[in-house]
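First up is the structure itself, then whatever we jot down about it.
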Protein chains: 2
Amino acid sequence: MFRGFSSVSVDSKGRLAVPSRYRTLLSGQVSDSLVITLNPLDRSLWLYPLPEWEIIETKLAALSDFDMQSRRTKQMMRGYASDCQLDNQGRILLPRELREYAGITHQAVLLGQGNKVELWDEDGWNTQRDQWLQQLGDGNGEPPDSLRSLSL
Amino acid sequence: MFRGFSSVSVDSKGRLAVPSRYRTLLSGQVSDSLVITLNPLDRSLWLYPLPEWEIIETKLAALSDFDMQSRRTKQMMRGYASDCQLDNQGRILLPRELREYAGITHQAVLLGQGNKVELWDEDGWNTQRDQWLQQLGDGNGEPPDSLRSLSL
DNA sequence: GGGAATAGTGGGTAATTGTGGGAATTACTA
DNA sequence: TAGTAATTCCCACAATTACCCACTATTCCC
């Protein structure tokens with residue numbers, strides 16, 4: 001399971017060093033590769049270990065083609081899914097299209113999210129984060145019931 | 001169950017000595033590790049024993065991805081949750097981002113809070129504390145029904 | 001109260017991890 | 001087929017982290 005935060009740099013060639021604690025999880029055991037695709041809900045990317053991705057792919061395949069949102073989600077996620085392999089230094093090369101989609105330039109942020117890792121441009125993420133914190137602080141924006149009843 | 005107050009120092013490397021009475025609880029029995037994440041409601045951090053955290057993680061995983069606030073809550077709490085292990089002196093290394101979020105510099109304060117321990121910068125805590133005490137005492141700010149009916 | 005154990009604090013060193021860039025290889029385009 | 005761009009492989013440096021040791025303060029116990 002992925003959790004935790006890392007800030008990593010993306011070099012001029014578009015390479016990103018996967019934090020060492022994720023390496024075995026992401027590429028480790030069975031397959032040597034992981035899948036990176038876009039997150040249709042935010043301007044960010046998702047990294048899956050290959051076995052996890054295959055589960056997602058099955059779920060996507062089951063979505064109806066006759067519902068617009070489902071079809072688009074399917075197209076997007078599958079269409080942009082790329083296989084990556086770690087190089088000898090434990091880095092992956094982020095495809096240019098995906099980098100551009102997520103607006104990733106020099107510094108990026110990795111957020112462990114259970115079965116996947118979410119990858120944001122650092123500035124973009126900080127903006128989102130501050131916005132969200134402010135909303136919570138304000139007490140405005142009426143949290144949904146699921147949140148109201150959440151005890152941490 | 002965690003309760004009680006401790007003031008501890010955070011050294012120049014960002015390490016914090018977990019008070020000995022918490023050690024067995026936090027890392028003890030089963031797993032050797034604990035999870036530290038941010039408290040989205042205040043500028044402070046939360047420390048969970050791993051088993052407790054896993055309960056929280058399950059709750060978070062159940063939140064909808066299609067509601068913005070829920071999604072952000074999920075991203076933040078899981079995204080910033082870092083596994084920590086005690087070193088031989090019973091200390092943990094606080095990740096830099098979390099230290100910065102909570103404004104923790106040299107001296108910190110630990111507050112037992114049932115299933116978790118809350119971690120504040122000492123100055124920050126003192127300020128907040130005085131402010132709240134005053135608010136409560138004033139009787140301004142309309143307490144919610146749940147508080148009204150609370151007998152201490 | 002004195003001594004021993006435990007707890008808290010600080011810092012040095014070695015290993016690991018993250019980062020950048022050059023050179024060689026491959027793929028793509030005109 | 002030549003030229004350009006993109007990718008891979010490799011080496012080297014810098015920063016961070018883990019591990020270890022030593023010292024001080026506190027607590028506990030006789």
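In what follows, every heavy atom counts, from backbone to side chain, and hydrogens, waters and symmetry copies are set aside. Naming convention: chains lettered A, B, ... in sequence-line order (proteins, then strands); numbering from 1 in each chain. Source: prediction; values computed, not measured.
Within 4.0 Å (heavy atoms only), A:Asp87 reaches no atom of the nucleic acid at all.
With A:Leu34 as reference, A:Cys84 is the one residue of A:Pro49, A:Cys84, A:Pro51, A:Ser82 to meet the side chain to side chain contact (heavy atoms under 4.5 Å, CB included) rule. Here the rule is side chain to side chain contact (heavy atoms under 4.5 Å, CB included) with A:Ile36, and of A:Leu16, A:Leu93, A:Asp83, A:Leu47 only A:Leu47 fits it.
A heavy-atom distance below 4.5 Å is found between the side chains of B:Asp42 and B:Trp120.
One finds no side-chain N or O of A:Arg21 lying less than 4.0 angstrom from the OP1 or OP2 phosphate oxygen of D:dT17.
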Distances under 3.5 Å between nitrogen or oxygen atoms of protein and nucleotides 22-26 of chain D:
none

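Taken over five-pair windows at either terminus, the axes of the helix from C:dG1-D:dC30 to C:dA30-D:dT1 are inclined to one another by 30° (rounded to 10 degrees).
Between the side chain of A:Lys13 and the base of D:dT8, at least one donor-acceptor pair of N or O atoms lies under 3.5 Å. Between the side chain of B:Arg15 and the base of C:dG8 there is no donor-acceptor pair of N/O atoms closer than 3.5 Å.
No side-chain donor from either of A:Gln69 and A:Arg72 sits under 3.5 Å from a side-chain acceptor of the other.
The side chain of A:Val8 lies closest to C:dT19 when the candidates are C:dT17, C:dT9, C:dT19. Among the nucleotides D:dC20, D:dC10, C:dT9, the one closest to the side chain of B:Ala17 is C:dT9.
A:Tyr101 meets the side-chain contact (heavy atoms from CB on, under 4.5 Å) test with A:Leu38, A:Arg43, A:Leu45; sequence neighbours excluded. Residues passing the salt bridge (Lys or Arg N to Asp or Glu O under 4.0 Å) test with A:Glu100, sequence neighbours excluded: A:Arg96.
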Sequence neighbours excluded and cut-off under 3.5 Å, please list the side-chain donor-acceptor pairs for residues 54-64 of chain A, or say none.
unit_1: A:Glu57; atom_1: OE2; unit_2: A:Trp53; atom_2: NE1; d: 3.2
unit_1: A:Thr58; atom_1: OG1; unit_2: A:Glu54; atom_2: O; d: 2.7
unit_1: A:Ser64; atom_1: OG; unit_2: A:Phe66; atom_2: N; d: 2.8

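For DNA chain D, the neighbouring residues in residues 90-99 of chain B, judged by any heavy atom under 4.0 Å, are B:Arg91, B:Leu93.
The distance from atom NZ of B:Lys74 to atom CG of B:Asp67, rounded to the nearest 0.5 Å, is 10.5 Å.
Using the six-membered ring where Trp is involved, B:Tyr80 and A:Trp125 have ring planes that are tilted, between 30° and 60° apart.
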